[in-house]
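Presented below is the structure to which this report refers.
Start at 1 and go down the list; that is how both ligands and their atoms are numbered.
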Amino acid sequence: MTLTRLIYLSQAIPDLKYPDLKAIMEKSETNNGHVGITGLLCYGDGLFLQALEGDRRYVTETFLRIAQDGRHHSAEVLHAAAIEVRAFPTWSMKLVQLGEYAAERVRQIHLKYSAGRQFNPGVMTTQQCLNFMVELDALT
Ligand code: FAD
C-alpha cells in the first residue's frame, strides 16, 4: 500500500447541472469512503480540478473510472506521485464551486497562484494547483 496523490483537470460537458454535481458527490463519498480515498473536487468556468489521495491501486482504479465518465471529457493528469502525508485528509470528497460561496475570496486565492483571472488550471504548475486547492479547502 503506497500513499499516492493524483491531480487531474478536465472539461465539464456544457449542459452540466447542479443535480449532476450532486450525483457525482454522492457517488464519490460512497465509493471513496469504501477504499480510503480522500480529496477535493473543484468546479468552475466549465472545468474540473480534482485531487485524489489514497492507496495507489485504488487511486488508479478510481481515476480510470472517472476518466470514462460522460459528464466530462479531455481529462489530463497533472501529477501522480507517492506522498508522505495527505493534503486533504478530512473528506472522502469535498466539492468547491468557484463563483459560489465566498466568491471574491476564492477569486483572490486563485489570483495568488495564477497569472490571469480566468480559472485555468491547465496553465498552473502542479504546486500552484495543489496550493490553490489546499487554501480552498481551508476556506470553505
Ligand atoms: P455506477 O454509478 O453504477 O455508474 C455506471 C456507469 O455509468 C459509469 O461508467 C458512470 O461513469 C456512468 N454514469 C453514471 N451516471 C452518469 C451520468 N449521469 N452521466 C453519464 N454517465 C454516467 N467517482 C468516485 O468513485 N470517486 C470520485 O472521486 C469521483 N469523482 C468524479 C469527478 C468527476 C469530475 C466526475 C465527472 C465523476 C466522478 N466520479 C467519481 C464518478 C465516476 O466517474 C463514476 O461515475 C463512478 O465512480 C461510477 O460508480 P459505480 O462504479 O458505482 O457505477
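- Applying the side chain to side chain contact (heavy atoms under 4.5 Å, CB included) test to Leu16 and every residue at least two apart in sequence or in another chain returns Ala12, Ile13, Asp20, Leu21, Tyr43, Phe48, Arg71.
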Side-chain donor-acceptor distances from residues 31-38 under 3.5 Å, at least two apart:
{"residue": "Asn32", "atom": "ND2", "partner": "Ser28", "partner atom": "O", "Å": "3.4"}
{"residue": "Asn32", "atom": "ND2", "partner": "Ser92", "partner atom": "O", "Å": "3.0"}
{"residue": "His34", "atom": "ND1", "partner": "Thr30", "partner atom": "O", "Å": "3.3"}
{"residue": "Thr38", "atom": "OG1", "partner": "Arg86", "partner atom": "NH1", "Å": "2.9"}
{"residue": "Thr38", "atom": "OG1", "partner": "Phe88", "partner atom": "O", "Å": "2.7"}

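- Take Gln127 and apply the side chain to side chain contact (heavy atoms under 4.5 Å, CB included) test, not counting sequence neighbours, and it matches Thr125, Leu130, Asn131.
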Any protein N/O atoms within less than 3.5 Å of an N/O atom in ligand 1? List the atom names and distances, or say none.
{"residue": "ligand 1", "atom": "2 (O)", "partner": "Lys27", "partner atom": "NZ", "Å": "3.0"}
{"residue": "ligand 1", "atom": "11 (O)", "partner": "Asp69", "partner atom": "OD2", "Å": "3.3"}
{"residue": "ligand 1", "atom": "25 (O)", "partner": "Asn31", "partner atom": "ND2", "Å": "3.0"}
{"residue": "ligand 1", "atom": "25 (O)", "partner": "Arg65", "partner atom": "NH2", "Å": "2.8"}
{"residue": "ligand 1", "atom": "26 (N)", "partner": "Asn32", "partner atom": "OD1", "Å": "2.8"}
{"residue": "ligand 1", "atom": "28 (O)", "partner": "Asn32", "partner atom": "ND2", "Å": "3.0"}
{"residue": "ligand 1", "atom": "28 (O)", "partner": "Gln50", "partner atom": "NE2", "Å": "3.1"}
{"residue": "ligand 1", "atom": "30 (N)", "partner": "Ser28", "partner atom": "OG", "Å": "3.4"}
{"residue": "ligand 1", "atom": "30 (N)", "partner": "Gln50", "partner atom": "NE2", "Å": "3.2"}
{"residue": "ligand 1", "atom": "43 (O)", "partner": "Asp69", "partner atom": "OD2", "Å": "2.7"}
{"residue": "ligand 1", "atom": "45 (O)", "partner": "Asp69", "partner atom": "OD2", "Å": "3.0"}
{"residue": "ligand 1", "atom": "45 (O)", "partner": "Arg71", "partner atom": "NH2", "Å": "3.2"}
{"residue": "ligand 1", "atom": "47 (O)", "partner": "Asn31", "partner atom": "ND2", "Å": "3.3"}
{"residue": "ligand 1", "atom": "47 (O)", "partner": "Arg65", "partner atom": "NE", "Å": "2.9"}
{"residue": "ligand 1", "atom": "47 (O)", "partner": "Arg65", "partner atom": "NH2", "Å": "3.3"}
{"residue": "ligand 1", "atom": "49 (O)", "partner": "Asn31", "partner atom": "ND2", "Å": "3.3"}
{"residue": "ligand 1", "atom": "52 (O)", "partner": "Lys27", "partner atom": "NZ", "Å": "3.2"}

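- Side-chain N/O atoms of His72 and Ser10 include a donor and acceptor closer than 3.5 Å.
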Would Glu61 and Arg65 satisfy salt bridge (charged side-chain N to carboxylate O under 4.0 Å, His left out), going step by step from the backbone distance to the final call?
-> CA-CA 6 Å; Glu61 284 176 5; Arg65 222 170 45 238; 5.5 Å; no
So Ile24 and Leu95, side chain to side chain contact (heavy atoms under 4.5 Å, CB included) or not? Walk me through it.
-> CA-CA 10 Å; Ile24 289 168; Leu95 174 67; over 6 Å; no
